[in-house]
Amino acid sequence: MEKSWYYLRKIYTSIDIGTNSIKFVVGEYFNHKVYVLASHSVNSKGVKKGLIVEPGLVIEAIQEGIKEINDMLGIEIRRVLVNVPDYNVSFKEVSGSIDIRDSEVITASDVNRVIKDSIYNQLDDNYELVTMVPIEYKIDHEQGIRKPIGKKGQKLEIKGIMVSTPKKNIYSVLSVLEGAGLEVVDITITGLTNYHEVRDAALDKKDGAIINLGHATTTVSIFDEGTIVANETLQIGGVNVERDLAYVFGISIFDGRTLKEKFASSHKRFCQINEIYEVKNTVGESIKLNQLEVSEVVMSRMMEILNLAKKQIRLLTDKEIQYIVLTGGLTEIKAFKNLAYEIFGKDVIIYTVTTLGCRDNKYVDALGMIKYFIDKMESRGKNVSMLNVEEETALVTPNNKLKKDNDIVNKLFGNFMTNKEEK
């Protein structure tokens, strides 16, 4: 029996737990497009290089952010999508097959059964399932099927990639969401969310890579015609640029971040030597920095990050790469495209989030999370929303405040583990 929160109006909330900030996006899916109803970010606390190290602080930050979202919408968000750390993620090709019952018409239930069959006894010790990404279905002797529901046949087969990650990566996230009073509906990893944000029909037919340049880490993901096949997280990101600036000029890390975001250029050829930024150093003296000297420091570290990511692509795959997409917060620095073209060539794609309501690359994961979940549910024949009728009513009549209902939040671990085979 379907859960009581499965309704026609499709509204979703995602939370992207990052080292520098935690991002929240609420979106509605209508007419094949996601419309952002609310977005917000708060400073991250208790997270180091993408890993939760102080759960209490993370819970406080999530509660702070979700309260702001609730106030924006006039409802109480209870169910969310969330990303989990992608350190040591495993990608394993799996396959399964089932006989079709009764009418021989393939249903959503049949798709879920064949997915379960493909991952049965496939998980390594100390690993937990994130998702199973179908590559193709086969019905009797017909191959290359992407959407089998509604077709007729006697035998359904599947080939796909099982994505799993160490249990500690998942349970650390689930525990803080439970502590914040939220129910996790689905989990995912950066590579999957990035692809579903940047994808188009052309990329679905090619082999390529996505590089997400984050605050503390850089994630490199490899795709084979739209299917993720490899992923690696590099321990370097925007914070290293900030630390370089702080060290070289004797300023605080906070001022280093301001220089990076508001003043520096990614390429020294595209800066103004007469542009001056005045700041106090760590001993209280006022110093004047020109854009050229600041940009030289930034460019040096940015070149290192991009070259490491470029090298990582070759370590992850020996296939010919037909596209490279760059995204993430570091792409927002001035003249980034000029440096990127110099290292990757002018065919590189620099992706910028353009969705109204969250036009900032820091939201690429949170927005992609929603699109990934929608695609997964549609491929499995499910119609899912995260709001029930009462909550939808409150959304369109903001003055009607809902009473807090503690009973509606299921025990997170039990609910998630019961349904994990269907992910």
*So, the side chain of R359 versus the backbone of T354: is there a donor-acceptor pair under 3.5 Å, distance only?*
yes
Give the table of side-chain donor-acceptor pairs shorter than 3.5 Å for residues 299-309, with sequence neighbours excluded, one pair per line with atom names and distance.
residue: R301; atom: NE; partner: D244; partner atom: OD2; Å: 2.6
residue: R301; atom: NH1; partner: E304; partner atom: OE1; Å: 2.7
residue: R301; atom: NH2; partner: D244; partner atom: OD1; Å: 2.9
residue: R301; atom: NH2; partner: D244; partner atom: OD2; Å: 3.4
residue: N307; atom: ND2; partner: M303; partner atom: O; Å: 3.0

*So L234 and Q312, side chain to side chain contact (heavy atoms under 4.5 Å, CB included) or not? Walk me through it.*
CA-CA 9 Å; L234 306 176; Q312 191 62 48; 3.5 Å; yes
*Identify the two heavy atoms, one from G50 and one from T19, that lie closest to each other, and give their separation to 0.1 Å.*
N-OG1, 2.7 Å
Side-chain donor-acceptor pairs of residues 324-336 under 3.5 Å, sequence neighbours excluded:
residue: T331; atom: OG1; partner: G328; partner atom: O; Å: 2.6
residue: T331; atom: OG1; partner: N361; partner atom: ND2; Å: 2.7
residue: E332; atom: OE2; partner: N361; partner atom: N; Å: 2.9
residue: K334; atom: NZ; partner: K262; partner atom: O; Å: 3.3

*asked:* Using only atom types and a distance under 3.5 Å, with no angle test, would you say the side chain of K152 pairs donor to acceptor with the backbone of I106?
replied: no
*Taking atom types as modelled and ignoring hydrogens, do the side chains of T227 and D224 form a donor-acceptor contact shorter than 3.5 angstrom?*
no
*Under 3.5 Å: donor-acceptor pair, side chain of D365, backbone of T193*: no
*Could you walk me through whether K155 and I100 pass the side chain to side chain contact (heavy atoms under 4.5 Å, CB included) check?*
CA-CA 6 Å; K155 186 176 182 180; I100 305 303; 5.8 Å; no
*Judged by modelled atom types alone, do K23 and S39 share a side-chain donor-acceptor pair under 3.5 Å?*
no
*asked:* Looking at K319, is its backbone amide N or carbonyl O close enough to the side chain of T317 to form a donor-acceptor pair, meaning the two atoms are under 3.5 Å apart?
replied: yes
*Just by distance, do the side chain of N83 and the backbone of I187 share a donor-acceptor pair under 3.5 Å?*
no
*asked:* Under a 4.0 Å threshold between the charged nitrogen and the carboxylate oxygen, would K371 count as salt-bridged to E197?
replied: yes
*Where do P85 and L51 come nearest, in terms of heavy atoms and distance?*
CB-CD2, 3.7 Å
_Residues D117, R113: salt bridge by 4.0 Å N-O rule_ = no
*Checking E68 side chain against H40 main chain: does a donor-acceptor pair fall under 3.5 Å?*
no
*asked:* For Y195 and F223, I'd like to know if the aromatic rings sit close, meaning centre-to-centre distance below 6.0 Å.
replied: yes
*Under a 4.0 Å N-O cut-off, is there an ion pair linking E242 with R257?*
yes
*Answer with yes or no whether the side chains of T233 and D86 bring together a donor and an acceptor at under 3.5 Å.*
yes
*asked:* Determine whether a donor-acceptor pair (N or O, by modelled atom type, separation under 3.5 Å) exists between the side chain of E54 and the backbone of G46.
replied: no
*asked:* Assess the residue pair M132 and I161 against the criterion (side chain to side chain contact (heavy atoms under 4.5 Å, CB included)); give the C-alpha distance rounded to whole Å, side-chain angles, the decisive distance to 0.1 Å, and a yes or no.
replied: CA-CA 6 Å; M132 192 281 204; I161 301 294; over 6 Å; no
*Check whether the side chains of E142 and Y137 place a donor and an acceptor atom closer than 3.5 Å, and report yes or no.*
no
_Any pair counted as side-chain hydrogen bond (donor to acceptor under 3.5 Å, both in side chains), so long as it reaches residues 209-218, sequence neighbours left out_ = N194-N212
_Exactly one of I62, D16, N20, I22 should register a side chain to side chain contact (heavy atoms under 4.5 Å, CB included) with S44. Which one does?_
I22
*Looking only at non-hydrogen atoms, find the nearest pair between Y12 and M386 and report the distance.*
CA-SD, 3.8 Å
*Should E104 and K151 count as an ion pair when the cut-off is N to O under 4.0 Å?*
no
*asked:* Assess the residue pair Y87 and N231 against the criterion (side chain to side chain contact (heavy atoms under 4.5 Å, CB included)); give the C-alpha distance rounded to whole Å, side-chain angles, the decisive distance to 0.1 Å, and a yes or no.
replied: CA-CA 9 Å; Y87 292 105; N231 185 92; over 6 Å; no
*Note: K376-D186 ion pair, threshold 4.0 Å (strictly below)*: yes
*Residues D375 and R199 bridged, charged N to O under 4.0 Å*: yes
*Give the minimum heavy-atom separation between I170 and V84, together with the two atoms involved.*
CA-CG1, 4.2 Å
*Minimal non-hydrogen separation, S265 against H267, with atom names*: OG-O, 2.9 Å
_Determine whether a donor-acceptor pair (N or O, by modelled atom type, separation under 3.5 Å) exists between the side chain of D204 and the backbone of A201._
no
_K45, NZ atom: more than 12 neighbouring heavy atoms under 6.0 Å_ = yes
*Compute whether any side-chain donor of one residue and acceptor of the other, for Y363 and T355, lie under 3.5 angstrom apart.*
no
*Will you find, in the side chains of D110 and T107, an N or O donor that is under 3.5 Å from an N or O acceptor?*
yes
*Do the non-hydrogen side-chain atoms of V163 and F91 ever get within less than 4.5 Å of each other?*
yes
*Heavy-atom closest pair, residues L245 and G256*: CD1-O, 3.4 Å
*Sub-3.5 Å donor-acceptor pair from the side chain of S295 to the main-chain atoms of K268, do we have one?*
no
*What is the ring orientation for Y35 with F30, classed by angle as parallel under 30°, tilted 30 to 60°, or perpendicular over 60°?*
tilted
